[in-house]
Asks: 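Please find one structure pasted underneath; my questions will follow.
Being a predicted model, the structure only gives us computed values, none of them experimental.
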Amino acid sequence: MRITLEEPLNLKETLESGQAHRWRQIDGKYSGVIGNVLVHIRQSERTLIIDSSSTLESEDFLLKYLRLDDDLEHIYAHINKDERVRTMTERYRGLRLLRQDPWECLVTFICSSTTNMKRISLMVENMSNYFGQKLELGEDIRFTFPTSEDISNTDEKTLRELGLGFRAPYVLNCGKKVQAGDLDLNTLIKTPYTEAKEQLMSLHGVGPKIADCVLVFSLDKLEAFPIDVWVKRALTDWYFPNQKPPSNQDLLVWANEYFGEYAGYSQQYLFHGRRLLDSKPTD
DNA sequence: TTCTGCCCTTGGCA
DNA sequence: ATGCCAAGGGCAG
């Protein structure tokens with residue numbers, strides 16, 4: 001399948017900005033699993049070239065995942081409040097938020113606690129390889145992400161053996177609650193931000209940061225503004241220098257006021273930009 | 001009520 | 001080689 005892009009998209013920055021952790025590069029293409037489909041995707045200028053393990057009904061599947069329905073020019077106009085953000089939105093122009101599956105997003109970000117992006121991928125791949133269904137595309141073999149049923153039927157020991165460490169009981173508990181119907185993730189898309197955040201934070205292992213990740217990366221809450229160590233660094237270095245760093249709670253209130261309804265987009269550009277500032281040129 | 005310090009696991013990296 | 005760091009959160013005080 002080929003998709004001609006009408007709107008700006010930078011596939012590389014989008015898939016490598018730490019939102020989703022199942023994308024890997026294989027000779028110039030990105031390999032990833034979306035739902036129960038293994039996808040190979042490559043961007044050439046204004047064209048996306050896509051191969052998949054099963055026939056895609058329509059291109060809407062990818063348009064939705066890549067949030068190509070977001071009007072980036074409109075969003076840039078809102079979040080370009082200063083030179084810092086303007087620099088990032090120009091440097092990484094076309095970086096989009098993704099619209100991920102809420103369950104997968106929740107489990108993945110519970111796993112993100114006190115670890116790094118490579119290790120998050122490791123945990124996610126370990127769980128998928130262990131629980132998931134096999135998908136093949138050419139020589140590439142990947143597995144679907146475990147369902148809440150898969151997780152609810154396993155035990156803490158198994159999850160620890162898959163490398164989750166102290167996060168294992170959090171993921172297990174989360175699977176059991178979702179499977180039991182105590183938390184309906186898919187209806188949270190229609191729930192207002194504050195209430196949806198409260199519901200997510202009622203889960204063990206889910207605090208403000210992880211809740212905001214799930215809200216902005218899978219539940220269409222573009223005002224959510226996850227504050228991790230990198231965003232905290234970006235904000236304290238660039239907006240509150242030479243003073244005692246404000247608390248995360250205060251930063252969150254400030255960011256929502258300053259950046260407005262698309263704060264989540266500004267967060268992604270600040271995160272990505274600040275992180276690459278400390279990485280090696282070869283990275 | 002809100003803030004602080006400590007603990008939890010372990011792979012990656014210098 | 002060995003200590004530090006990593007898209008945090010729970011808990012006690």
Asks: Using only side-chain N and O atoms of A:K232, determine if any of them is under 4.0 Å from OP1 or OP2 of C:dA7.
Replies: no
Asks: What is the distance, to the nearest angstrom, from the CG atom on A:D212 to the C1' atom on C:dG9?
Replies: 14 Å
Asks: Determine whether A:W23 and A:L11 make a side-chain contact, defined as any pair of heavy atoms from C-beta on separated by less than 4.5 Å.
Replies: no
Asks: Under 5.5 Å centre to centre and under 30° between planes: does that hold for A:F271 and the six-membered base ring of C:dA7?
Replies: yes
Asks: May I have the step-by-step check of ring-ring contact (aromatic ring centres under 6.0 Å, His included) for A:F109 and A:F217, ending in yes or no?
Replies: CA-CA 10 Å; A:F109 279 93; A:F217 298 143; 5.4 Å; yes
Asks: Report which part of the nucleic acid A:S112 touches: base, sugar-phosphate, or nothing (heavy-atom distance under 4.0 Å, all strands).
Replies: sugar-phosphate
Asks: Nearest to the A:R119 side chain among B:dC13, B:dT9, C:dG8, which nucleotide is it?
Replies: B:dT9
Asks: By nearest nucleotide on DNA chain C, pick out whichever of A:M201 and A:S17 is the more 5' one.
Replies: A:S17
Asks: Which is true for A:G18 with a 4.0 Å heavy-atom rule: it touches a base, it touches only sugar-phosphate, or it touches nothing?
Replies: base
Asks: Does A:V231 reach a base, just sugar-phosphate, or nothing at all? Heavy atoms under 4.0 Å.
Replies: nothing
Asks: Please classify the nucleic acid contact of A:L203 as base, sugar-phosphate, or nothing, using heavy-atom distances under 4.0 Å.
Replies: sugar-phosphate
Asks: Indicate whether the side chain of A:S247 and that of A:Q249 have a donor and an acceptor atom separated by less than 3.5 Å.
Replies: no
Asks: Given B:dC13, C:dA6, C:dG10, which nucleotide is nearest the side-chain atoms of A:H204?
Replies: C:dG10
Asks: Nearest to the side chain of A:M117, heavy atoms from C-beta on, is which of C:dG10, C:dA7, B:dT9?
Replies: C:dA7
Asks: To the nearest Å, how far apart are A:K244 NZ and B:dC3 C1'?
Replies: 9 Å
Asks: Identify whether any heavy atom of A:R274 sits under 4.0 Å from a base atom; if not, whether one sits that close to sugar-phosphate; answer base, sugar-phosphate or nothing.
Replies: nothing
Asks: Indicate, with a heavy-atom threshold strictly under 4.0 Å, whether A:R160 touches base, sugar-phosphate, or nothing.
Replies: sugar-phosphate
Asks: Of the listed nucleotides (B:dT9, C:dG9, C:dG8), which one gets closest to any side-chain atom of A:P208?
Replies: C:dG9
Asks: Roughly how many Å is it from CG in A:L122 to P in B:dG12, rounded to a whole number?
Replies: 6 Å
Asks: Rounded to the nearest angstrom, tell me the gap between atom CG in A:D278 and atom P in C:dA6.
Replies: 9 Å
Asks: Quick check: closest heavy atoms across A:R142 and A:S31, and the distance to 0.1 Å?
Replies: NH1-OG, 2.9 Å
Asks: Just how far, in rounded Å, is P of C:dA6 from CZ of A:F109?
Replies: 16 Å
Asks: Examine C:dA7: is either OP1 or OP2 under 4.0 Å from a nitrogen or oxygen in the side chain of A:R167? Give yes or no.
Replies: no
Asks: Whole Å only: how far is the NZ atom of A:K197 from the P atom of C:dG9?
Replies: 9 Å
Asks: To the side chain of A:I210, which of C:dG9, B:dC8, C:dG10 is closest?
Replies: C:dG9
